[in-house]
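A quick write-up on the structure given underneath.
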Amino acid sequence: MPLSEHEQRLLEQMERALYAEDPKFASALEGTGLRTYTRRRVYQAAAGFVVGIGLLMGGMVAQLIWVSVVGFLVMLGCAVLAVTGWRRGPVGQGAGPKPTSPPRRKAGVMDRMEQRWQRRRDEHDGM
(Lines give C-alpha, C1' and ligand atoms only; values in the text may rest on other atoms or scores of the structure.)
Protein backbone atom coordinates (compact mmCIF):
# COMPACT_ATOMS: atom_id res chain seq x y z
CA MET A 1 0.00 0.00 0.00
CA PRO A 2 1.60 3.29 -1.06
CA LEU A 3 2.05 6.13 1.36
CA SER A 4 -0.36 9.02 1.29
CA GLU A 5 0.90 12.43 0.25
CA HIS A 6 0.93 13.59 3.87
CA GLU A 7 2.93 10.54 4.94
CA GLN A 8 5.40 11.07 2.10
CA ARG A 9 5.89 14.68 3.19
CA LEU A 10 6.51 13.60 6.77
CA LEU A 11 9.00 10.97 5.61
CA GLU A 12 10.83 13.54 3.50
CA GLN A 13 10.96 15.92 6.47
CA MET A 14 12.40 13.19 8.69
CA GLU A 15 15.01 12.31 6.04
CA ARG A 16 16.07 15.93 5.72
CA ALA A 17 16.26 16.28 9.48
CA LEU A 18 18.42 13.16 9.67
CA TYR A 19 20.78 14.52 7.03
CA ALA A 20 20.93 17.88 8.80
CA GLU A 21 21.56 16.44 12.27
CA ASP A 22 23.98 13.63 11.44
CA PRO A 23 25.16 13.52 7.83
CA LYS A 24 27.78 10.86 8.58
CA PHE A 25 25.17 8.47 9.98
CA ALA A 26 22.76 9.25 7.14
CA SER A 27 25.41 8.51 4.52
CA ALA A 28 26.23 5.24 6.30
CA LEU A 29 22.58 4.22 5.95
CA GLU A 30 22.84 4.56 2.19
CA GLY A 31 25.44 1.80 1.89
CA THR A 32 24.93 -1.64 0.45
CA GLY A 33 25.36 -3.57 3.71
CA LEU A 34 21.68 -4.34 4.19
CA ARG A 35 21.30 -5.39 0.58
CA THR A 36 24.19 -7.85 0.94
CA TYR A 37 22.77 -9.12 4.23
CA THR A 38 19.35 -9.57 2.66
CA ARG A 39 20.76 -11.42 -0.34
CA ARG A 40 22.74 -13.70 1.96
CA ARG A 41 19.61 -14.32 4.06
CA VAL A 42 17.63 -15.28 0.95
CA TYR A 43 20.36 -17.71 -0.13
CA GLN A 44 20.49 -19.25 3.34
CA ALA A 45 16.71 -19.59 3.33
CA ALA A 46 16.86 -21.34 -0.05
CA ALA A 47 19.49 -23.75 1.29
CA GLY A 48 17.35 -24.34 4.38
CA PHE A 49 14.38 -25.03 2.12
CA VAL A 50 16.39 -27.75 0.35
CA VAL A 51 17.34 -29.22 3.75
CA GLY A 52 13.65 -29.17 4.68
CA ILE A 53 12.81 -31.10 1.51
CA GLY A 54 15.48 -33.63 2.45
CA LEU A 55 14.02 -34.01 5.95
CA LEU A 56 10.53 -34.37 4.53
CA MET A 57 11.59 -37.06 2.07
CA GLY A 58 13.82 -38.80 4.61
CA GLY A 59 10.98 -38.92 7.10
CA MET A 60 8.69 -40.41 4.49
CA VAL A 61 11.23 -43.04 3.49
CA ALA A 62 12.03 -43.94 7.11
CA GLN A 63 8.32 -43.74 7.94
CA LEU A 64 9.00 -41.30 10.76
CA ILE A 65 6.17 -38.81 10.64
CA TRP A 66 7.75 -36.40 13.11
CA VAL A 67 10.83 -36.01 10.87
CA SER A 68 8.56 -35.24 7.92
CA VAL A 69 6.66 -32.66 9.98
CA VAL A 70 9.92 -31.03 11.06
CA GLY A 71 11.04 -30.96 7.42
CA PHE A 72 7.79 -29.31 6.39
CA LEU A 73 8.11 -26.71 9.14
CA VAL A 74 11.70 -25.99 8.12
CA MET A 75 10.54 -25.57 4.51
CA LEU A 76 7.72 -23.27 5.56
CA GLY A 77 9.95 -21.11 7.77
CA CYS A 78 12.63 -20.82 5.12
CA ALA A 79 10.08 -19.93 2.46
CA VAL A 80 8.73 -17.14 4.66
CA LEU A 81 12.27 -15.83 5.31
CA ALA A 82 13.13 -15.92 1.61
CA VAL A 83 9.96 -14.14 0.52
CA THR A 84 10.16 -11.41 3.16
CA GLY A 85 13.86 -10.94 2.52
CA TRP A 86 13.33 -10.79 -1.23
CA ARG A 87 10.60 -8.15 -0.92
CA ARG A 88 12.67 -5.93 1.34
CA GLY A 89 15.89 -6.35 -0.59
CA PRO A 90 15.48 -3.89 -3.44
CA VAL A 91 13.64 -1.35 -1.32
CA GLY A 92 15.68 -1.12 1.85
CA GLN A 93 19.25 0.03 2.13
CA GLY A 94 21.13 -0.19 5.36
CA ALA A 95 24.38 0.42 7.12
CA GLY A 96 27.51 -0.66 5.35
CA PRO A 97 30.47 0.65 3.44
CA LYS A 98 30.15 3.97 1.70
CA PRO A 99 29.06 3.74 -1.91
CA THR A 100 31.72 4.42 -4.53
CA SER A 101 29.55 6.96 -6.36
CA PRO A 102 30.47 10.61 -5.97
CA PRO A 103 28.71 12.56 -3.21
CA ARG A 104 27.33 14.97 -5.80
CA ARG A 105 24.69 12.41 -6.74
CA LYS A 106 23.39 12.30 -3.16
CA ALA A 107 23.19 16.08 -3.09
CA GLY A 108 21.28 15.99 -6.38
CA VAL A 109 18.70 13.63 -4.93
CA MET A 110 18.36 15.76 -1.84
CA ASP A 111 18.12 18.90 -3.96
CA ARG A 112 15.33 17.38 -6.04
CA MET A 113 13.49 16.33 -2.90
CA GLU A 114 13.88 19.83 -1.50
CA GLN A 115 12.58 21.35 -4.74
CA ARG A 116 9.55 19.06 -4.76
CA TRP A 117 8.88 19.96 -1.14
CA GLN A 118 9.09 23.67 -1.93
CA ARG A 119 6.76 23.27 -4.95
CA ARG A 120 4.20 21.42 -2.86
CA ARG A 121 4.41 24.02 -0.14
CA ASP A 122 4.03 26.85 -2.67
CA GLU A 123 1.05 25.12 -4.31
CA HIS A 124 -0.55 24.60 -0.93
CA ASP A 125 0.03 28.23 0.11
CA GLY A 126 -1.36 29.47 -3.23
CA MET A 127 -4.68 27.68 -2.78
By side chain to side chain donor-acceptor pair (under 3.5 Å), E21 pairs with (sequence neighbours left out) none
W66 CH2 to L73 CG distance, which is reported to the nearest 0.5 Å: 12.5 Å
Give a yes or no on whether V67 and V74 share a hydrophobic cluster (residues Ile, Leu, Val, Met, Phe, Trp, Tyr; joining criterion: side-chain heavy atoms under 4.5 Å apart). yes
Identify the residue among M113, R112, Q118 that makes a side-chain contact (heavy atoms from CB on, under 4.5 Å) with R116. M113
Same apolar cluster: L64 and V70, side chain cutoff 4.5 Å: yes
Please list, one pair per line, the donor and acceptor atoms closer than 3.5 Å that link side chains of residues 54-61 to other protein atoms, with sequence neighbours excluded.
none

Applying side-chain contact (heavy atoms from CB on, under 4.5 Å), can you list everything that pairs with V50, at least two apart in sequence or on another chain? none
Would you name the heavy atoms of L81 and R41 that are closest together and state the gap between them? O-NH2, 3.6 Å
With sequence neighbours left out, what residues match R16 under side chain to side chain donor-acceptor pair (under 3.5 Å)? E114
Enumerate, atom names and distances included, each donor-acceptor pair closer than 3.5 Å involving a side-chain atom of residues 2-12, sequence neighbours excluded.
| residue | atom | partner | partner atom | Å |
| --- | --- | --- | --- | --- |
| S4 | OG | E7 | N | 3.2 |
| S4 | OG | E7 | OE1 | 3.4 |
| E7 | OE1 | S4 | N | 2.9 |

